[in-house]
Protein chains: 2
Amino acid sequence: MTEKSTRDNIVEAAHQLFYEKGFDHTSFADIADAVNISRGNFYYHFKTKDDILKAVIDQRMAATRDMLDAWEKEGNTPKERIRCFIEIMINNRAKIKKHGCPVGTLTSELAKLGHPALGEANEIFTVFRDWLRRQFEQMGRTKDADELALHVLAGSQGIATLASAFRDDKFIKREVEALGDWLDAVASETDA
Amino acid sequence: MTEKSTRDNIVEAAHQLFYEKGFDHTSFADIADAVNISRGNFYYHFKTKDDILKAVIDQRMAATRDMLDAWEKEGNTPKERIRCFIEIMINNRAKIKKHGCPVGTLTSELAKLGHPALGEANEIFTVFRDWLRRQFEQMGRTKDADELALHVLAGSQGIATLASAFRDDKFIKREVEALGDWLDAVASETDA
DNA sequence: GACTTGTTAGGACGGTTGTCCTATTTCCTG
DNA sequence: CAGGAAATAGGACAACCGTCCTAACAAGTC
């Protein structure tokens, strides 16, 4: 096992802390402590807090693309791929119950801070949106693919927000199932 | 027109700033400036930042109850009342596009801060949930009223989050309409 | 007019923050 | 082994934060 670079360790720790505590409420000291390095060393790698936020967003974006690419290479049908997306809610429910959706909570915070990196954070949403749209297009839904994509995205965001508020596993499973049923209905409409 | 008390002015300004900038990112000085009073005067009314957060939450809770009570006294049917709730998204879309849902974004922030007032903020969600549950019960849906209530709540949260990310009026209207159609379907199932 | 009570103003405090600087150490290259 | 670049440590800094204190003002009562 090769040692990770200090820079990568910083980005990973910052990613985790931004998710758990929020961007604004996470300090340089918090991240440096988590990586066990000095603040001076931290400054060597990232000059400003915005720099590390940008690095974290880039890393999340890359990870998102990798995940979506992998689903497309697994040879599933478009419908099965969309179901993979929906079921993130189930697989990550422990974290979502604690800290909500990583994308949704970050964009909402950056919007309130008036932070210039808001646009880049929103682009992660766009990556999901475009990927979902392509899946619906491949299902034959060329006309309203984007609208269907946004509906899936909105559904998952609603689940994440309420999952965090009520911390109810049954609610999550029920709503994921409902979204799955909706997907089945869309697919059968298209077949007909 | 009677003058409002300084205390009420503080709570109103804090409510607005917490919504626009977030709780943590809003300082005593910000609020004092908005009300045009000194920090010392501010401290006379609220000893700690948690005190004013609590006052803001109480005020929001009271306003929420008032709004829901009013809808019940207007003599509408339960289904029409639920539709009133859904259409908040339309009426408040300008603010929602800028700052998201006031309840959803606050609870998500307090969760990340590990703030002790999270429970009270979540109670606002519970007020909506219970009210919606009662409406579905009055529609005859006694068995799954709570589940239906959570579905409406989740739907509106999803709309609010994506409305803030993409700032798309058509998306909001389309999703609100879809939620309305879902409500019609639930109602017709019940009648049958 | 003195006294009391509620209200406002403005500054002091200790702590934390993001940022920056300067030594010191580590490591690779010739 | 020498020398230079990359990396790390640790502290200094100005600004801001929540909190607290004290003095002044306002208004009504005896």
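Because only heavy atoms are used, hydrogens play no part in the values below, and waters and symmetry mates are left out as well, while side chains stay in. Note that the coordinates shown come from a computational prediction; the quantities given were computed from them, not determined experimentally.
- Residue His45(B) contributes atom NE2, which lies 16 Å from atom P of dT19(D) at whole-angstrom precision.
- We find that CG of Asp33(A) is positioned 12 Å from P of dT16(C), with the value rounded to whole Å.
- Put simply, Tyr44(B) has a side-chain N or O that comes within less than 4.0 Å of OP1 or OP2 on dT7(C).
- In this structure, Ser38(B) does not reach the dG10(C) phosphate: none of its side-chain N or O atoms is under 4.0 Å from OP1 or OP2.
- Atom pair Asp24(B):CG and dT16(C):P shows a separation of 15 Å (rounding to whole Å applied).
- Rounded to a whole Å, the CZ atom of Phe42(B) is 10 Å from the C1' atom of dG18(D).
- Rounded to an integer number of Å, the gap from Ile31(B) CD1 to dG18(D) P is 8 Å.
- Asn36(B) places its CG atom 15 Å from the C1' atom of dG10(C), with the value rounded to the nearest Å.
- In this structure, the nucleotide among dA9(D), dT19(D), dT19(C) sitting nearest to the side chain of Lys49(A) is dT19(C).
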Please convert DNA chain D into dot-bracket. A pair counts if it is Watson-Crick or G-U wobble with both distances under 3.5 Å; crossing pairs go in [ ] and bases paired with another strand get |. ||||||||||||||||||||||||||||||

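- Regarding Asp30(B), its CG atom lies at a distance of 16 Å from the C1' atom of dT19(D), rounded to whole Å.
- The CZ-P distance, from Phe28(A) to dG11(D), rounds to 18 Å in whole Å.
- Of the candidate nucleotides dC17(D), dA9(D), dC21(C), dC21(C) has the atom nearest to the side chain of Tyr43(A).
- Each of Arg39(B) and Arg39(A) was matched to the nucleotide of DNA chain C holding its nearest heavy atom; the match closer to the 5' end belongs to Arg39(B).
- In this model, the phosphate group of dA9(C) is approached by a side-chain N or O of Asn41(B) to a distance below 4.0 Å at OP1 or OP2.
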